[in-house]
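All remarks here apply to the structure that follows.
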Amino acid sequence: RTALAQMITHRRNPLTARVAVNHIWMRHFHVPLVETVFDFGLNGKTPTHPELLDWLAVEFMESGWNVKHMVKLMVTSQAYLQSSLQNEQLKETDPSNRLLARQSRFRLDAEFIRDNALAASGLLVHQVGGPSVKPYQPAGYWENLNFPKRTYTADRGSAQYRRGIYTHWQRQYLHPSLAAFDAPSREQCTVERARSNTPLQALNLMNDVTYVEAGRALADIILRDAKDDEARLRLAAKRVLGRNPSAEELTLLKHSLERGVASFTEDPEAARRFLSHGDSKPQSEVPPVTRAAWAALCLNLLNLDETLNKE
């Protein structure tokens, strides 16, 4: 095994480094340097930027196979910092963005969608390593698992807010939220994931306890840290979208907030039920109707295409 490992990582065998940096590049740009990420052999496609691929492979080896170094190198590059907008000429000459004349626009992977919501809401636990954890899951999802019958109990406390990579995986019964966003079942090796756009994903994001709770927690943060509605709207957009909202967007957000306040004022019990989801403790003393309206607005922000897509 030692001899095999030494051969795989030997300086005279650049294949390992080339394959690895191609995967890392695909993770951040969506468009790999070698389109056939699963095949670098005779049946594979030639690199679109061979000199860049070679340079990255050498840099990876010389850095001591440091993945964090390569990620930092890529995300601080001019190629990564480009806008994903494309003009008419690029649409015609390079629709697949093989020339890297712009940044690609693509939906986040399943695990990252949940992580992103937890991070924006301040709930994400950054602990590295440890046993698997069990996020909220619909009752009865495991009822067809036999030999023996299994029951599912969601974790409490900080374990509930660990990163998606630590989610418990029961054979082919992956967590339903991960399945909705195209995570593979792990029954076979999957080099490149498919990405779909389905109504089930929207239903998941609007109703899964994780996202409803994230919306409530985010609302508590902005109600605590900002003093007026406009400042709160700007803070919410900044935490979720990473930018300030435009004047038109501010107007739409204000109207959405007003509708939420009116709706929950008519049905205060609905506000209390909406705020009851999740185990995290309330961090605001604002009346339930107001908190629920802000939580609903934050949930909507977490469901925007701009939130779910890397661009």
Side-chain angles (χ1 to χ4, degrees), residues 24-31 68 70-86 97 100-126 161-165 177 181 195 197 201-202 204-206 208 210-257 260 280 283-284 293-311:
I24 300 171
W25 185 274
M26 181 181 67
R27 182 68 59 194
H28 295 89
F29 290 86
H30 186 54
V31 179
K68 288 185 177 180
M70 300 306 297
V71 170
K72 182 178 180 179
L73 192 65
M74 291 180 189
V75 300
T76 54
S77 67
Q78 190 61 42
Y80 184 85
L81 298 175
Q82 294 181 108
S83 168
S84 60
L85 297 177
Q86 59 177 327
N97 196 27
L100 302 175
R102 57 182 173 84
Q103 178 56 284
S104 297
R105 182 182 187 274
F106 57 97
R107 201 203 66 218
L108 299 175
D109 285 338
E111 296 87 347
F112 297 161
I113 290 176
R114 178 176 176 274
D115 291 355
N116 186 52
L118 293 178
S121 66
L123 292 173
L124 185 66
V125 173
H126 294 274
Y161 311 108
R162 300 286 306 282
R163 292 170 56 206
I165 193 174
S177 181
F181 287 97
R195 281 185 171 85
N197 187 4
Q201 294 168 354
N204 188 297
L205 292 168
M206 293 299 293
D208 190 304
T210 292
Y211 301 103
V212 176
E213 181 182 20
R216 172 172 60 79
L218 176 57
D220 286 347
I221 290 176
I222 62 177
L223 287 168
R224 180 195 67 202
D225 292 351
K227 302 305 180 185
D228 60 73
D229 285 355
E230 182 165 328
R232 289 166 178 168
L233 291 172
R234 291 184 181 279
L235 179 59
K238 190 74 172 179
R239 288 186 67 94
V240 177
L241 305 177
R243 63 173 178 83
N244 289 315
S246 66
E248 182 181 3
E249 289 170 332
L250 271 177
T251 300
L252 291 173
L253 290 172
K254 287 177 182 177
H255 289 167
S256 177
L257 178 63
S280 60
Q283 301 295 321
S284 173
W294 279 99
L297 176 71
C298 290
L299 180 59
N300 288 336
L301 285 173
L302 292 172
N303 280 267
L304 293 177
D305 278 351
E306 186 175 345
T307 306
L308 306 175
N309 288 273
K310 189 179 184 68
E311 49 185 335

Considering all heavy atoms of both residues, which atom of Thr76 and which atom of Lys72 are nearest to each other, and what is their separation?
OG1-O, 2.6 Å

About how many Å separate CD1 of Ile113 and CD of Gln201, when rounded to the nearest 0.5 Å?
7.0 Å

Flag yes if more than 12 heavy atoms outside Asn197 fall under 6.0 Å of its CG atom; otherwise flag no.
no

Can you tell me how far CG of Leu257 sits from CG of Leu252, rounded to the nearest 0.5 angstrom?
12.5 Å

Side-chain touch Arg234/Pro245, heavy atoms, less than 4.5 angstrom:
yes

Interatomic distance, Glu306 atom CD to Glu249 atom CD [nearest 0.5 angstrom]
7.0 Å

Minimum heavy-atom distance between Tyr161 and Leu123, given as atom pair plus value
CB-O, 3.0 Å

Considering non-hydrogen atoms only, spot the tightest contact between Gln103 and Asn97 and give its length.
C-ND2, 4.0 Å

How about Val71 and His28: do any of their side-chain heavy atoms sit closer than 4.5 Å?
yes

For the residue pair Phe106 and His30, does the interplanar ring angle fall in the parallel (under 30°), tilted (30 to 60°) or perpendicular (over 60°) class?
parallel

Measure across Asp305 and Arg105 and return the closest heavy-atom pair with its distance rounded to 0.1 Å.
CB-NH2, 3.8 Å

Compare every heavy atom of Ser280 with every heavy atom of Arg216, then report the nearest pair and how far apart it is.
NH2-OG, 3.1 Å

Atom CG of Asn116 and atom CG of Leu308: how far apart are they, to the nearest 0.5 Å?
8.0 Å

Please check if the number of heavy atoms outside Ile165 that lie under 6.0 Å from its CD1 is greater than 12.
no

For a quick test of reading the model, state the closest non-hydrogen atom pair linking Leu253 to Leu233 and the distance between them.
CB-CD2, 3.8 Å

Residues 294-304 side chain polar contacts: donor-acceptor under 3.5 Å, at least two apart:
from, atom 1, to, atom 2, distance (Å)
Asn300, ND2, Ala296, O, 3.4
Asn303, ND2, Leu299, O, 2.6

A side-chain contact here means heavy atoms from C-beta on lying under 4.5 Å apart; do Tyr211 and Arg114 qualify?
yes

Hey, is the main chain of Phe181 close enough, under 3.5 Å, to the side chain of Arg107 for a donor-acceptor pair?
yes

Under 3.5 Å, side chain of Arg102 to main-chain N/O of Leu85, donor-acceptor pair present?
no

Output all residues satisfying side chain to side chain contact (heavy atoms under 4.5 Å, CB included) with Arg224, sequence neighbours left out; order by chain, then residue number.
Ile221

Is Gln82 close to Phe29 at the side-chain level, that is, under 4.5 Å between some pair of heavy atoms?
no

Any Lys/Arg nitrogen of Arg195 or Asp109 sitting under 4.0 Å from an Asp/Glu carboxylate oxygen of the other?
yes

Answer yes or no: is there a side-chain heavy-atom contact under 4.5 Å between Leu124 and Arg163?
yes

Evaluate the side-chain proximity of Leu250 to Glu230: yes if any heavy-atom separation is below 4.5 Å, no if none is.
yes

So Thr210 and Leu118, do their side chains get closer than 4.5 Å, heavy atoms only?
yes

Hits for ring pair (Phe, Tyr, Trp, His ring centres under 6.0 Å) against Phe112, two or more places apart or cross-chain, chain-then-number order -> none

